[in-house]
**Q** 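Okay, here's the structure, questions in a sec.
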Amino acid sequence: ADALADITARGTLRVAVPQDFPPFGSVGTDMAPMGYDIDVANLIAEKLGVKAELVPVTSANRVPYLQTNKVDLVISSLGKNAEREKVIDFSAAYAPFFNGVFAPADLSIAKAEDLAGKSIGVTRGAVEDLELTKIAPADATIKRYEDNNGTISAFLSGQVDTIATGNVVAAAILAKNPPKRPEMKFLIKNSPCYIGLNKEQAALLEKVNAIIAAAKTDGSLNAISQKWLGADLPSDL
Amino acid sequence: MSYHFEFGWLLEYYPEIIKGILVTLELIAIGGVLGIALGIFCAWVRALGPAWLKPVVATYVELIRNTPFLIQLFFIFFGLPSLGLQLPELTAANLAMVINLGAYSCEIIRAGIQATPKGQFEAGESLAMTRFETFRHVVLVPSLQRIWPALSSQVVIVMLGSSVVSQIAAEDLTFAANFIQSRTFRAFEAYIVSTSIYLVLAILLRQVLAMVGGLIFPRRAAR
Amino acid sequence: MSLIEITEVRKSFGTTEVLKGINLNVEPGEVIAIIGKSGSGKSTLLRCINGLETITDGSIAVAGAQLLDDEVHLKALRLKVGMIFQQFNLFPHLTVGGNVMLSQTVVKKTPKAEAEATARKMLERVGLGHRFDAYPDELSGGQQQRVAIARALAMQPAALLCDEITSALDPELVAEVLAVVRELAAEGMTLLMVTHEMKFARDVCNRVVFMHQGRVHEAGRPEDVFANPQTPELKQFLGVS
Amino acid sequence: MSLIEITEVRKSFGTTEVLKGINLNVEPGEVIAIIGKSGSGKSTLLRCINGLETITDGSIAVAGAQLLDDEVHLKALRLKVGMIFQQFNLFPHLTVGGNVMLSQTVVKKTPKAEAEATARKMLERVGLGHRFDAYPDELSGGQQQRVAIARALAMQPAALLCDEITSALDPELVAEVLAVVRELAAEGMTLLMVTHEMKFARDVCNRVVFMHQGRVHEAGRPEDVFANPQTPELKQFLGVS
Amino acid sequence: MITFTLWDILRNLLLATRWTILLSLVSFIGGGAVGLALLFLRISKRKAFRVIAKYYIELFQGTPLLMQLFIAFFGLGLFGIDVPAWLAAGLALTLWSAAFLAEIWRGCVEAVAKGQWEASASLGMGRLQQMRYVILPQALRVAIPPTVGFSVQIVKGTALTSIIGFVELSKAGTVVTNATFQPFTVYGLVALIYFALCWPLSKSSQILERKLNVAHRNH
Ligand SMILES: Nc1ncnc2c1ncn2[C@@H]1O[C@H](COP(=O)(O)OP(=O)(O)OP(=O)(O)O)[C@@H](O)[C@H]1O
Ligand SMILES: Nc1ncnc2c1ncn2[C@@H]1O[C@H](COP(=O)(O)OP(=O)(O)OP(=O)(O)O)[C@@H](O)[C@H]1O
Ligand SMILES: [Mg+2]
Ligand SMILES: [Mg+2]
């Protein structure tokens, strides 16, 4: 079946979005999803001329939602790797990854190699998990938590020395004035986020890529980045 | 069906799966042994123990039995550090298992103790044993034997429930499944394999418990 | 000095007084039968002597030591006085040998080998030496009760309390248990037994105590008590009227 | 034609044969006592006749119809033959009246009013008309057993099987149950009863069947069987040697 | 950052609790009905039925509920069967609790004296009639406390439906924590609400049990 045709016929775009991974996806006081990924979902739906239907997902079930055709797109800050690419297709990058490794001031860390002997908390399956697994030295311990909240709680309760997360999240932690004030040690580079689609949906893939490209040029994606990440889109995205 | 199942690639991840199985086995071994021991102690307190301890144990049992395991786990792992007790995730998971099974087995074992004929207590005491000696040597074994099937079921339930420890990064079998699916996006294969392993573990565990029962209870003598 | 001295003992359950002032002295080597209607307080009296019930008033002394209600005194008492129950109360998870050895090893800390030797001797004495490794549920009621006797004897008590120890037995099995008791009596064991076996009481006992409504109503040598009951209650109980 | 025809019936539990070829015909109105040692197969025989056990070999026919092991045949059989057990087996959650009415309304689909009338009549017959609304646990054992008889009678069976129906009763209560049975016999009910009450068997029965090791060892009129036992086994059983 | 007041947190948790309650009810009622059918199979005279029921129970008691939910929702979806989440949740919870309830009830049925089966059989009742009029009414009395006790497990079990998209109490707790970074307040409240739901159930189960024992002793 042609997914794009289905979407147009249906008049809705069903998108899997996170609700436990700020700033990409979390909830407001009315429990409605909000965040970078949600805004992108709405943007794409708008450009397709259909309504967006947001399906909140977790890291464990976001891809099964796609595989069983319960959603058309997964906009859930997906990172890309070879194994994942065997199973689903990825669009062009739609979000930069401003996530970094954070730790209290008294820990001297400047690059991945300095993580030796340290423990790092990450959210399982997130981009930083994939990246850090690649670049962290062998004797660094990566602790993978279910969601962002687990990662942050582990850091605040001292269960890990450092965490990898977004700068906006780190700012939110700082605002709560914890005893361990996280400061950015280094940025995890070159690992943007992609939109996930089912394989063999060339029409939809092409359309989504076109929308992303347009949004990059007309500044609407940059606005989303400013709003949620507090920074401009990097030029190389 | 558009999805193509492929299981061969899972072999690549066998170290994660083996490690997961071992952690799950460790959780159930430690949780089972210490949890039942704690359950015996609490059952003794509730049935025969000193009056001042009874409300303490009762509160513990009610709190644990009426809140989800996951929440208990969070409080142990994320909460205890604020009291200065920092436990590694596996220790925290083990502790949560012991505390959880302790509360459930307490109630089961207590029922077994209460079903003991009064004459057994009296016979023990009239042989000059203290109340505790009577409990330890006369009452305990037949009581456990009486409720062993119920206790075994509870142990299996707690073993299956242990899967949530993956949420505090304890690398059990469910963690392995989640880890694999997060790398490969092949959730179906990962979960089907882990579910099958859980089923095998549950069946084996039941048999091991039946064997243990056969060893510690020499005969079907409980009335 | 009497072995067991019971003075003005009273016992109430809630508001009902079950023992209403019992006086009874038991001399060493005496064999006493306690008879009386159901509900007259016979079991309660034995249970008080063994400390299974706390007395409300009066005093009980065994071998000169007062019976007090704390674990140390109770334990000392129970080392001197053994008790055998109507329902045998063997420990189902232990073998016959295990039943007889348990309290020796636990209470007296007797080494295992020695406890086993004692156990074998006592089981021999009740004619069950060959069932050392059997489990209680493999034995007949009569055999179980004999094991219970051996178990009590293994603690080497100065006196034995027996509460209707043949009442739960089939008629054929009563004789084998009574034979054991008869032998114990002949060997000089002090026995205080509640029984409905009048013939046995007459043959074996030195003294018969008739209880009625929580009191010792009549007592004396079996010849006298059975042949010449003095009170109408005893007459009625014995069926001579 | 006999009411119950038992031909070469065999019954094994696993490898042990408990009934080893039983032949017995019961005529309408006959009252038969089955006696024999414990384990001789008396209960098993009654249970086979009622279809509670499946026979291994041979045949049983009631009122000409073969006993087959399916629900339809079993139901037909049980409408003709009632059974009363040692343990009463009243339904504890129903009143006395409910016990007697249940099978009528459920099995025979008798309208409730009619079933109640029958129940009252049957309870009257066993002397318990006034306990219609009591629950079984408010009755004495003897009364419970009489309710069980009334319950069986309410199905208007052609014959009643009674398995030691007085064995679980205190001696004082035996008489009241036997009185009911005696009356049934006098009214012409066909009765097949396992009993240990020799005097009753002698007084009331037309025929006595002595079972021994799974066989009918001796049978005949009570006068003959009790006064002149032929086999040494029966002699020993009756205590005349 | 949006700020949640304590009231916002509590309100959202309570709203999510509606799902917990609804799912519990579905699971309990559906599980009860299927469990009863399963009970009949489990104690049937036909060996094949007993074996089927036994394996069913073994399967559903031997695998994590989380996986059962996952398979009911996504597994069927793989075969092109589009089950809505509420149906998958209802189905999985029903099948799961049926396995446990059937096993609990079997114990209760077996606790009814054998003589009751025999007496009712000898009165000509068929198997269903025996169950309906004689065995179940008696088994029911003993079955109530453990059944109510198991409902506590059901309430807690519904937490796992988050895997198929339900934002019930536990999931709402996680989501709110991820927006507020106040794990203690949120999980404290979650624990409290669970306790408020479960404790009355446990307590009434205990009270019923005690009543039953007293009734037994009076017999
Ligand atoms: N634990 C108890 N609580 C209340 N009342 C009791 C208790 N034990 C015994 N009684 C009452 O005390 C009275 C005497 O009981 P006891 O058992 O001593 O009688 P007994 O002479 O041994 O009778 P039996 O020959 O039936 O054994 C009875 O009325 C009994 O109901
Ligand atoms: N369900 C069973 N399974 C195995 N053996 C059985 C079963 N029921 C009875 N038996 C055996 O069959 C034999 C006959 O038993 P049955 O109950 O018929 O004897 P009985 O003559 O009624 O004895 P009693 O007078 O003790 O009631 C016994 O040896 C008994 O152990
Ligand atoms: Mg007594
Ligand atoms: Mg019999």
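Every chain is numbered from 1, with letters handed out A, B, ... down the list of sequences. What you see below is based on every heavy atom in this structure, not just the backbone, and it leaves out hydrogens, waters and symmetry mates. This structure is a prediction, so every number in the text was calculated from the model and none was measured.
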**Q** Which atom pair, heavy atoms only, marks the closest approach of C/L90 to B/Q120?
**A** O-NE2, 2.8 Å
**Q** Side chains of B/E125 and C/N50: closer than 4.5 Å at any heavy-atom pair?
**A** no
**Q** Of the backbone (N, CA, C, O) and the side chain (C-beta and beyond), which part of C/M155 lies under 4.5 Å from a heavy atom of chain B, both, or neither?
**A** side chain
**Q** Calculate, to the nearest 0.5 Å, the distance between atoms NZ and CG belonging to B/K118 and C/N89 respectively.
**A** 10.0 Å
**Q** Check whether B/R136 gets within reach of chain C through its side chain, its backbone, both or neither, counting any heavy atom under 4.5 Å.
**A** neither
**Q** Has C/K109 got more than 12 heavy atoms of other residues, nucleotides or ligands less than 6.0 Å from its NZ?
**A** yes
**Q** Can you see which heavy atom on B/V138 is nearest to which on C/H93, and at what distance?
**A** O-CE1, 3.3 Å
**Q** State, yes or no, whether a side-chain contact exists between B/L127 and C/F91 at a heavy-atom distance under 4.5 Å.
**A** yes
**Q** Do you know the tightest heavy-atom contact between C/L79 and B/A128?
**A** CD2-CB, 3.8 Å
**Q** Taking the basic N atoms (NZ, or NE/NH1/NH2) and the acidic carboxylate oxygens, is any pair closer than 4.0 Å for C/R47 and B/E122?
**A** yes
**Q** Can you tell me how far apart CG (C/L77) and OG (B/S126) are? Round to the nearest 0.5 Å.
**A** 10.5 Å
**Q** Could you walk me through whether B/R131 and C/E71 pass side-chain contact (heavy atoms from CB on, under 4.5 Å), step by step?
**A** CA-CA 9 Å; B/R131 277 168 66 88; C/E71 283 224 330; 3.8 Å; yes
**Q** With a 4.5 Å heavy-atom cut-off (strictly below), which parts of residues 157-169 of chain B touch chain C? List them by number.
**A** none
**Q** Show which side-chain atoms of residues 24-36 of chain B pair as donor or acceptor with protein atoms under 3.5 Å away, not counting sequence neighbours.
**A**
| residue | atom | partner | partner atom | Å |
| --- | --- | --- | --- | --- |
| B/T24 | OG1 | B/G20 | O | 3.2 |
| B/T24 | OG1 | B/L173 | N | 3.1 |
| B/E26 | OE2 | B/N94 | ND2 | 3.0 |

**Q** Which pair of non-hydrogen atoms, one from B/A123 and one from C/F85, has the smallest distance, and what is that distance?
**A** CA-CE1, 3.8 Å
**Q** Do other residues, nucleotides or ligands put more than 12 heavy atoms under 6.0 Å from C/F13 CZ?
**A** yes
